[in-house]
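Below you'll find the structure, written out as structure tokens, and then a few comments.
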Amino acid sequence: MPIVKTSKLITIERHIAEEGAMHPEATGEFSHLLRDFTLAMRILARDVRRAGLNDVLGTTDGSNVHGEQVKRLDLHANDIIFRAMDHGGHLCVMASEESNGLIRIPNEYRRGKYVLVFDPLDGSSNIDVNVTIGTIFSIYKRVDPTLVTDGELEDCLQHGYKQVAAGYCMYGSSTQLVYTSGNGVDVFTFDPTIGEFLLTYEKIRIPQRGKIYSVNSGNAHIWPQGIRDYVSWLLRPSDDGLRPYSLRYVGTMVADVHRTLHYGGIFLYPGDARMPDGKLRLVYEVNPMAFLVEQAGGRATDGVNRLLDVKPTSLHQRIPCFMGSTDDVLDVERFLQDALQP
Ligand code: AHM
Ligand code: MG
């Protein structure tokens with residue numbers, strides 16, 4: 001299906017407020033939470049753009065030309081998101097790829113009913129070379145929303161299907177924020193001249209089948225047989241012209257899933273002999289992306305189970321992931337099944 005640009009001139013804040021107004025029980029708190037979050041995205045969009053100039057690239061123990069301590073960009077992103085989100089009174093706890101344990105709300109601020117989990121800067125191998133990177137986020141309601149105390153681990157370890165909203169911000173040739181609150185997937189593009197994210201694509205739909213696959217083929221020698229068979233099959237031309245597939249792999253999940261959402265096909269990070277559960281983290285990388293892919297009409301599984309139905313057991317848990325066009329994900333699941341037959 002061709003992707004149609006919207007003609008509606010509307011900011012992300014207005015859009016989220018309008019979506020909230022469709023729920024009579026909504027208090028507006030959620031819109032305020034997202035407003036705080038998009039402030040962090042605006043700041044990061046600026047900082048990523050100026051990364052090389054600011055000397056913020058490099059290691060954490062370096063200092064810039066002014067003799068100031070410089071932060072690695074991913075730690076800087078973690079810090080900015082925390083500082084934008086800690087005082088709004090909407091969250092009871094946060095968790096991030098960059099923090100081992102839970103991130104508590106400072107004592108002086110009110111605790112709210114929402115939980116934020118995020119990967120502040122995804123695509124770490126691409127940060128230093130100006131290749132597309134992104135921020136991934138997901139929001140849950142705490143398990144017992146009547147509480148006004150600190151959120152706990154169980155609040156961050158909820159099933160992915162319980163996400164209230166999720167999305168990513170991609171710092172590419174332009175900065176785009178791709179967002180769902182369970183009512184389809186909308187794309188907003190940042191206009192730096194007015195400092196706003198504007199709606200650019202409304203309710204995007206992933207094609208039923210694509211012609212692109214996205215995987216780190218350098219791991220082929222340690223893949224399970226089913227994955228090797230599947231990728232060899234993708235590369236064999238077929239009479240109906242559906243194959244061979246093209247390979248595209250940025251190595252930033254945000255960018256690879258973004259392309260997959262628009263053009264279709266499949267993004268996969270399977271388990272292998274070195275990392276049986278793959279590399280990607282369930283709570284703050286895989287689940288938000290799985291939610292978006294499903295909301296755009298695609299499929300997201302661990303090869304057998306729907307990812308959003310998996311109960312996380314730890315914050316930094318990894319899981320094999322296969323997501324994209326429904327027919328493509330069904331194909332790989334079939335190959336994995338077949339490889340199990342004696
Ligand atoms: P990161 O969170 O350290 O950036 O790691 C996650 C990234 C994903 O963005 C990407 O899909 C994957 O790691 C690439 O891994 P590899 O270099 O093994 O292909
Ligand atoms: Mg990451």
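Both counts, for ligands and for their atoms, begin at 1 and track the order of listing. Because only heavy atoms are used, hydrogens play no part in the values below, and waters and symmetry mates are left out as well, while side chains stay in.
Taking distances strictly below 2.8 Å, the protein N/O/S atoms close to the Mg ion (ligand 2) are Glu97 OE1, Asp119 OD2, Asp122 OD1, Glu285 OE2.
Between Lys279 and Asp272 no salt bridge is recorded (no basic side-chain N to carboxylate O distance below 4.0 Å). Salt-bridge check for Glu29 with Lys113: passed, with a basic side-chain N closer than 4.0 Å to an acidic carboxylate O. The residues Lys162 and Glu154 are annotated as not salt-bridged, no charged nitrogen and carboxylate oxygen being separated by less than 4.0 angstrom.
Counting only N and O atoms by type, the side chains of Thr11 and Glu196 include no donor and acceptor under 3.5 Å apart. For the residue pair Tyr284/His316, the side-chain donor-acceptor check at 3.5 Å is satisfied. For Tyr168 and His258, the side-chain atoms include at least one donor-acceptor pair closer than 3.5 Å. No side-chain N or O of Arg111 forms a donor-acceptor pair with one of Thr149 less than 3.5 Å apart. Checked by atom type, the side-chain pair His159/Asp309 shows no donor-acceptor distance below 3.5 Å.
In the hydrophobic clustering of this structure, Leu280 does not group with Leu308; members are Ile, Leu, Val, Met, Phe, Trp, Tyr whose side-chain heavy atoms approach within less than 4.5 Å, directly or through other members.
For a heavy-atom separation below 4.0 Å, the residues in contact with ligand 1 are Glu97, Asp119, Asp122, Gly123, Ser124, Asn216, Tyr249, Gly251, Thr252, Met253, Phe267, Tyr269, Lys279, Leu280, Glu285.
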